[in-house]
Peer 1: 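Pasting a structure below so you can have a look.
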Amino acid sequence: MRGEPFALCFPSNNGSSCFSPSELPAAAMFSSIAPLVRLNPFHAPHLQLQQEGLGLRKRPAEPEEVSCPRRSLAAASAEEEYSCEYGSLKFYALCGFGGILSCGLTHTAVVPLDLVKCRIQVDPQKYKSIFNGFSVTVKEDGVRGLAKGWAPTFIGYSMQGLCKFGFYEVFKILYGNLLGEENTYLWRTSLYLAASASAEFFADIALAPMEAAKVRIQTQPGYANTLRQAAPKMFAEEGIWAFYKGVAPLWMRQIPYTMMKFACFERTVEALYKHVVPKPRSECSKGEQLVVTFVAGYIAGVFCAIVSHPADSVVSVLNKEKGSSAMEVLKRLGIKGVWKGLFARIIMIGTLTALQWFIYDSVKVYFRLPRPPPPEMPESLKKKLGLTE
């Protein structure tokens, strides 16, 4: 005679669950794996084990939180473990240090080419071409003569790089905050131009004294061979004005140059990632990103050389001569004269600009500084323009 059927009951969230003896093994399995499923960090979709004939039923996936496609840079910084926040004092300081290395080292490395270029500009009858200029210089001064002016070049362009790259980041963030997100995207080229021009204004004030000494050493044979000889002599002859009389022509040369350098570089990087590089920047390795930086820098450098060359010719002649003004030199050189030495300058500035951007971006990578990706249209602007559903 069979006994009365019985069941074992267990408390649960919904009251209690009861099982017959034949169902106990399955119930035990249910009670043991349920906590493991809940703790599994990789469950997707979430499985809810329910007693329904002791089977498993998949619960519909819970709606995931909609993430904003345009994360703040601060959030991205935390995820990628940047060494500092974007726009912090440490960020600006390290950007300035990157500018010192990028400008100081590269300009010093091309001193021989710069020396020949300056001599072609101030004495085209004697130095007829870039190759002839090297030949004449080596015959007269030896190989060591090609290094004349390296000290003021290194000091002057290191100070210029500090102000140029450091202040560019400052003004780009400042002007971008004033414009707002949508206008910053729409007017980004104008933003690059304004930020770079503002930075170069201060950078040239820092550069002017050393640039004046450099040109005297390089273009006036017998005047001085070192910075220690040139600086006291210049001060004794013309006072402090000797070091700053070329600042206005420097603005004429360097501000257009820097505006082209930064704006062309930023837009070229954007175009390369959009039309040339076969994958998004976020999927590129750091090495691949630096290659794009170098290519964009060289393209920008060619345009920089063309835009700034006439003013560069005026600066070279002005610093060589006493008592001349920029307008007098410009009239005397004429339209044809201001373009002397352009080929040498394109080679020099193209290589220089590419290396500067490469070094600057490498410093950012090394110190783990925030490097914002190429700009994308804000979602709010897409909605206004009807580009989203």
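Index from 1, following the sequence.
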Peer 1: Is it the case that over 12 heavy atoms from other parts of the model lie below 6.0 angstrom from the CZ atom of Phe97?
Peer 2: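 Not more than 12 within 6.0 Å, no.
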Peer 1: Hey, does Leu146 have a side-chain heavy atom less than 4.5 Å from the side chain of Thr137?
Peer 2: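 Sidechains of Leu146 and Thr137: in contact.
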Peer 1: For the residue pair Val269 and Ala296, what are the closest heavy atoms and their distance?
Peer 2: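 Closest approach of Val269 to Ala296: CG2-CB, 3.6 Å.
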Peer 1: Return yes when atom CD1 of Ile335 has more than 12 non-hydrogen atoms of other residues, nucleotides or ligands closer than 6.0 Å, and no otherwise.
Peer 2: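 Not buried by this count: 12 neighbours or fewer within 6.0 Å.
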Peer 1: Given the side-chain rings of Phe294 and Trp357, with only the six-membered ring counted for Trp, is the space between their centroids under 6.0 Å?
Peer 2: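 Not under 6.0 Å, so no.
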Peer 1: For the atom pair OH (Tyr273) and NE2 (His275), what is the distance rounded to the nearest 0.5 Å?
Peer 2: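 Result: 14.5 Å between the selected atoms.
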Peer 1: Looking at Phe165 versus Phe262, is the centre-to-centre ring distance below 6.0 Å?
Peer 2: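 That pair passes the under 6.0 Å test.
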Peer 1: Would you compute the distance between atom CG of Leu115 and atom OG1 of Thr153 and round it to the nearest 0.5 angstrom?
Peer 2: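 Leu115 atom CG to Thr153 atom OG1 measures 9.0 Å (nearest 0.5 Å).
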Peer 1: Honestly curious: do Tyr92 and Tyr366 fall in one hydrophobic cluster under the side-chain, below-4.5 Å linking rule?
Peer 2: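 Per the 4.5 Å side-chain linkage, Tyr92 and Tyr366 are co-clustered.
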Peer 1: Are any non-hydrogen side-chain atoms of Cys84 and Leu369 less than 4.5 angstrom apart?
Peer 2: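 Cys84 reaches Leu369 side chain to side chain.
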Peer 1: Students often mix this up, so state it plainly: with edges at 30° and 60°, are the rings of Trp251 and Phe201 parallel, tilted or perpendicular?
Peer 2: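 The rings of Trp251 and Phe201 lie parallel, inter-plane angle below 30°.
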Peer 1: Please report the shortest heavy-atom distance between Arg253 and Glu211, naming the atom on each side.
Peer 2: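 Smallest heavy-atom distance, with atoms named: NH1-OE2, 3.4 Å.
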Peer 1: Are Met210 and Met159 in one and the same hydrophobic cluster, where Ile, Leu, Val, Met, Phe, Trp and Tyr link if side-chain heavy atoms are under 4.5 Å apart?
Peer 2: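 Result: no, two separate clusters.
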Peer 1: Quick one: does NZ or CZ of Arg216 land under 6.0 Å from the six-membered ring centre of Tyr223, within 45 degrees of the ring axis?
Peer 2: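 Pair Arg216/Tyr223 counts as cation-pi.
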Peer 1: If the test is side chain to side chain contact (heavy atoms under 4.5 Å, CB included), which one of Thr351, Leu355, Thr353 qualifies with Tyr298?
Peer 2: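 Checked Thr351, Leu355, Thr353 against Tyr298; only one passes side chain to side chain contact (heavy atoms under 4.5 Å, CB included): Thr351.
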Peer 1: Could you state the interatomic distance from NZ (Lys117) to CD1 (Ile346), rounded to the nearest 0.5 Å?
Peer 2: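 Between atom NZ of Lys117 and atom CD1 of Ile346 there are 12.5 Å.
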Peer 1: Indicate the atoms forming the closest heavy-atom contact of Ala263 with Tyr192, along with that distance.
Peer 2: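 Residues Ala263 and Tyr192, closest heavy atoms: CA-CB, 3.8 Å.
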Peer 1: Any heavy-atom pair between the side chains of Lys214 and Gln218 that's under 4.5 Å?
Peer 2: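 Sidechains of Lys214 and Gln218: in contact.
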Peer 1: How close do His309 and Val338 get, counting heavy atoms only, and between which atoms?
Peer 2: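 So the minimum-distance heavy-atom pair works out to CD2-O, 3.1 Å.
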Peer 1: Identify whether Ile205 and Met259 are in the same connected component of the hydrophobic contact network (ILVMFWY, side-chain heavy atoms under 4.5 Å).
Peer 2: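 In one cluster: yes.
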Peer 1: Using salt bridge (Lys or Arg N to Asp or Glu O under 4.0 Å), reason through Lys384 and Glu182 one step at a time and then give a plain yes or no.
Peer 2: CA-CA 10 Å; Lys384 287 182 180 179; Glu182 293 181 4; 2.9 Å; yes
Peer 1: Between Tyr360 and Thr293, is there a side-chain heavy-atom distance shorter than 4.5 Å?
Peer 2: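 When only atoms from C-beta onward are counted, Tyr360 and Thr293 do not touch, as no gap falls below 4.5 Å.
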Peer 1: So, taking the atom named CD in Gln229 and the one named CD1 in Ile217, what distance separates them when rounded to the nearest 0.5 Å?
Peer 2: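 With rounding to 0.5 Å, CD (Gln229) is 8.0 Å from CD1 (Ile217).
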Peer 1: Side-chain donor-acceptor pair under 3.5 Å between Gln254 and Ser308, yes or no?
Peer 2: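 No, Ser308 and Gln254 have no side-chain donor paired with an acceptor closer than 3.5 Å.
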Peer 1: Between Cys284 and Val292, is a side-chain contact (heavy atoms from CB on, under 4.5 Å) present by the stated rule, with each step listed?
Peer 2: CA-CA 10 Å; Cys284 295; Val292 174; over 6 Å; no
Peer 1: Got more than 12 heavy atoms from elsewhere within 6.0 Å of CZ, Phe303?
Peer 2: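 No.
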Peer 1: Please tell me whether Thr219 and Arg119 have a donor and an acceptor in their side chains that are separated by less than 3.5 angstrom.
Peer 2: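 Per modelled atom types, Thr219 and Arg119 side chains form no pair under 3.5 Å.
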Peer 1: If you apply the rule side-chain contact (heavy atoms from CB on, under 4.5 Å), what do you find for Glu379 with Leu381, and how did you get there?
Peer 2: CA-CA 5 Å; Glu379 291 298 323; Leu381 187 58; over 6 Å; no
Peer 1: Restricting to non-hydrogen atoms, name the atom on Asp141 and the atom on Lys148 that form the minimum distance, rounded to 0.1 Å.
Peer 2: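 Heavy atoms only, the tightest pair is OD2-NZ, 4.1 Å.
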Peer 1: Does CH2 belonging to Trp187 count more than 12 external heavy atoms closer than 6.0 Å?
Peer 2: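 Not more than 12 within 6.0 Å, no.
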Peer 1: Go through it in stages, so that I can follow the logic: the residues are Phe235 and Trp241, the test is side-chain contact (heavy atoms from CB on, under 4.5 Å), and I'd like the CA-CA distance, side-chain angles, deciding distance and then a yes or no.
Peer 2: CA-CA 8 Å; Phe235 184 78; Trp241 177 244; over 6 Å; no
Peer 1: Does the pair Glu140/Lys126 count as a salt bridge with the N-to-O cut at 4.0 Å?
Peer 2: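 A salt bridge is present here (some side-chain N lies under 4.0 Å from a carboxylate O).
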Peer 1: Is it true that Tyr185 and Leu385 fall in one hydrophobic cluster, defined by side-chain heavy atoms closer than 4.5 Å?
Peer 2: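 Hydrophobic grouping puts Tyr185 with Leu385.
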Peer 1: Heavy-atom distance under 4.5 Å between the side chains of Pro310 and Trp339, does that happen here?
Peer 2: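 SC-SC contact between Pro310 and Trp339 confirmed.
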Peer 1: Do the non-hydrogen side-chain atoms of Tyr257 and Ile349 ever get within less than 4.5 Å of each other?
Peer 2: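 They are in side-chain contact.
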Peer 1: Testing Cys95, Ser196, Ser198 for side chain to side chain contact (heavy atoms under 4.5 Å, CB included) with Tyr168, which one passes?
Peer 2: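 Single pass found, and it is Ser196.
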Peer 1: Indicate if Phe91 and Ile359 have the same hydrophobic cluster label, given that clusters are the connected sets of ILVMFWY residues with side-chain heavy-atom separations under 4.5 angstrom.
Peer 2: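 Phe91 and Ile359: one cluster.
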Peer 1: Could you state the interatomic distance from CD1 (Ile240) to CE (Met234), rounded to the nearest 0.5 Å?
Peer 2: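 Result: 9.5 Å between the selected atoms.
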Peer 1: Return the minimal non-hydrogen interatomic distance between Pro370 and Tyr86, and the atom names on each side.
Peer 2: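 Shortest heavy-atom contact: CG-N, 3.7 Å.
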Peer 1: For the CG atom of Leu352 and the CG atom of Leu105, what is their distance to the nearest 0.5 Å?
Peer 2: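 Taking CG in Leu352 and CG in Leu105, the distance rounds to 11.0 Å.
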Peer 1: Surrounding NZ of Lys383 (heavy atoms of other residues, nucleotides or ligands, distance under 6.0 Å), is the total greater than 12?
Peer 2: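 Incorrect, the count does not exceed 12.
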Peer 1: Which residue in the set Glu266, Glu270, Glu376, Glu181 passes salt bridge (charged side-chain N to carboxylate O under 4.0 Å, His left out) when paired with Arg188?
Peer 2: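 Considering Glu266, Glu270, Glu376, Glu181, a salt bridge (charged side-chain N to carboxylate O under 4.0 Å, His left out) with Arg188 is found only for Glu270.
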Peer 1: Would Glu200 and Gln160 satisfy side-chain contact (heavy atoms from CB on, under 4.5 Å), going step by step from the backbone distance to the final call?
Peer 2: CA-CA 8 Å; Glu200 189 60 34; Gln160 188 211 34; 3.1 Å; yes
Peer 1: Regarding Ser102 and Gln356, do their side chains bring together a donor and an acceptor under 3.5 Å, going by distance alone?
Peer 2: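 The criterion, which ignores hydrogens and geometry beyond distance, is not satisfied for Gln356 and Ser102.
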Peer 1: Got Glu288 and Ser285 here, is their nearest side-chain heavy-atom distance under 4.5 Å?
Peer 2: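 Sidechains of Ser285 and Glu288: in contact.
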Peer 1: What I'd like to find out is whether the side chain of Thr108 reaches to under 4.5 Å of the side chain of Tyr157, using heavy atoms alone.
Peer 2: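 No. Closest side-chain heavy atoms not under 4.5 Å.
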